[in-house]
Every structure is written in C-alpha cells, then in structure tokens.
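Note that this is a predicted model, so its numbers are computed, not measured.
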Amino acid sequence: MAAGRCRCLVTHANNRNVSRYLRDAFPFPYTEADATTWLERNSDRDPATNFAIDLDGEAAGSVGLRLQQDIYRRTAEIGYWLGEAHWRRGIATEAVRAMTAYGLESFDIMRMEADVFAPNDASARVLAQCGYRCEGRLRDRITKDGQSMDALHYSIVRGEWSRDR
C-alpha cells in the first residue's frame, strides 16, 4: 500500500469539519492505520463499491455504495466525503454523479438513497444537483456526539436518472 496515499487520506480525513456529519464508523481522529485499513479493505473488493476520490494523484475523499439485502436488495445507499481543502468546487457533486451512474448501470438496483444530517446544507445540495429528491425529514434519527438531530432522506430511482444532470 502506498504510504503517500495513506498520508493524503489522513490529511483530509483527520478533520473534525469532515467527520462531524459522518457516521461514527468514520473515526476521529483519523490515523494512518485507519487509512491503511480502509485502502486494504476496499482495494480488492469484488464488486468494487468504494472508491477514493483522486485529485491529481492525491486521495482527497471517498465515495461508495452499500448494497442492501433481503427485501431492500434493489436499493443501494450512497455515501461520500471530501477533504475540506476541496469543498465548494463541484468535486463532491461530480463524484456522486459518477457513483450514481456506476451504481445504476453496474448493479441490479432500482433505487439509490442517502440520509443527510439536517444541518449539512452542502451535502443536501450535492444530492439535489445530482437529481436526488428529498423524500422527507426523519425526526431525531441521528445522534452524533451526544446530540440528536433530524435526517433528510434523499433518493433517486432508475427511471429518474439521467447522465446529463
């Protein structure tokens, strides 16, 4: 595993402004061991469902799918994060658009969805720009750092998707 790739990932991930709107499974502080584990876990996965966001050879974030099971087997949850140094440049929108296309074209899914922490306006905008619709507000769905808050539930279905968005 390339040490430089891990260091770049750590540089961008070890930031409270990044982790505050992510699941607790995303550690803070984020260490080189966390980066190595993530890269090793995802580099040989078949089918590939998690990707580093590469900016000029630098791992600056990630985007991925969680394929659902049982009665939800035709649904995938999309998740993403991007290092703060790269915010407000359309990179997350481009990554979500690419992952949505990949998910809908590569897997037998009809629907992709995401829950957004209600205060995270930037993430809600990313999804909306990619054609996802807000289906509702789930009250007190998320508890992070001892604080409960609402989640906004976004989705897109196969028939609504267009690469031209």
Side-chain angles (χ1 to χ4, degrees), residues 1 3-43 45 48-55 58-70 72 75-100 102-103 109 111-156:
M1 204 55 54
R5 201 148 174 85
C6 286
R7 275 192 299 278
C8 289
L9 205 52
V10 172
T11 297
H12 294 293
N14 191 33
N15 178 329
R16 193 66 184 137
N17 289 331
V18 169
S19 66
R20 72 180 174 154
Y21 291 136
L22 298 175
R23 291 183 179 184
D24 290 341
F26 188 94
F28 183 80
Y30 195 97
T31 67
E32 196 158 324
D34 295 319
T36 299
T37 298
W38 186 85
L39 288 167
E40 287 174 352
R41 186 178 325 134
N42 290 291
S43 62
R45 186 170 280 179
T49 55
N50 292 294
F51 301 91
I53 296 173
D54 185 297
L55 300 175
E58 178 181 307
S62 73
V63 61
L65 296 177
R66 181 177 290 164
L67 300 170
Q68 303 300 299
Q69 298 178 6
D70 198 0
Y72 304 108
T75 298
E77 180 183 15
I78 189 169
Y80 50 93
W81 69 269
L82 183 66
E84 188 173 12
H86 303 289
W87 290 359
R88 290 179 283 288
R89 294 176 29 204
I91 296 165
T93 301
E94 184 179 334
V96 168
R97 189 173 287 122
M99 183 55 94
T100 302
Y102 172 75
I109 57 176
R111 170 187 177 88
M112 292 180 61
E113 60 187 24
D115 280 350
V116 175
F117 289 55
N120 191 349
D121 294 332
S123 189
R125 270 192 311 277
V126 164
L127 291 167
Q129 289 171 350
C130 293
Y132 286 70
R133 292 187 196 176
C134 184
E135 293 185 323
R137 177 180 289 267
L138 305 171
R139 296 176 300 144
D140 287 337
R141 178 157 172 91
I142 297 167
T143 301
K144 178 80 175 188
D145 299 329
Q147 178 185 359
S148 292
M149 66 191 87
D150 295 353
L152 302 176
H153 189 76
Y154 281 81
S155 74
I156 192 165

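Pairing each heavy atom of N50 with each of N42, the nearest pair is ND2-OD1, 3.0 Å. Closest approach of V63 to A95, counting heavy atoms only: CG2-O, 4.0 Å. Here the shortest heavy-atom pairing between I109 and A76 reads CD1-CB, 3.7 Å. Listed here is the closest heavy atom pair of G61 and L9: O-CD1, 4.2 Å. V116 approaches A124 most closely through the heavy-atom pair CG1-N, 4.0 Å. Summarising the geometry of A60 relative to W81, their closest heavy-atom pair is O-CZ3, 3.8 Å, with the distance given to 0.1 Å.
Ring pair H86/H12 is tilted by interplanar angle, where 30° to 60° counts as tilted.
Here CD1 of I53 is found 5.0 Å from CG of L82. Values are rounded to the nearest 0.5 Å. Atom CD of E32 is separated from atom OG1 of T11 by 9.5 Å, given to the nearest 0.5 angstrom. Note: Q68 CD to E113 CD = 6.5 Å, rounded to the nearest 0.5 Å. Taking CG from N15 and OH from Y30, the interatomic distance works out to 13.0 Å, rounded to the nearest 0.5 Å. Atom OG of S155 sits about 10.5 Å away from atom CG of D115, to the nearest 0.5 Å. Taking CH2 of W87 as the start and CG of N17 as the end, the distance is 5.0 Å to the nearest 0.5 Å.
A 6.0 Å sphere centred on CD of E94 holds no more than 12 heavy atoms belonging to other residues, nucleotides or ligands. Counted within 6.0 Å of CZ on R141, heavy atoms from surrounding residues, nucleotides or ligands total 12 or fewer; the atom is thus considered open.
Side-chain contact between R66 and T49 is absent, with no heavy atoms from C-beta onward closer than 4.5 Å. F28 has its side chain out of reach of V18: every pair of non-hydrogen atoms, C-beta onward, lies at least 4.5 Å apart. Side-chain contact between L127 and Y80 is present, with at least one heavy-atom pair separated by less than 4.5 Å. Side chains of I78 and Y154 form no contact here, defined as non-hydrogen atoms less than 4.5 Å apart. Within the 4.5 Å cutoff, side-chain heavy atoms of Y132 are placed close to those of M112.
Looking at T37 and D34, their side chains never bring a donor and an acceptor atom within 3.5 Å of each other.
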Is there a side-chain contact (heavy atoms from CB on, under 4.5 Å) between R20 and F117 once you walk through the steps? CA-CA 9 Å; R20 72 180 174 154; F117 289 55; over 6 Å; no
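Screening residues 146-155 for salt bridge (charged side-chain N to carboxylate O under 4.0 Å, His left out), with sequence neighbours left out, gives R137-D150.
One N or O on the side chain of K144 and one on the backbone of L22 form a donor-acceptor pair closer than 3.5 Å.
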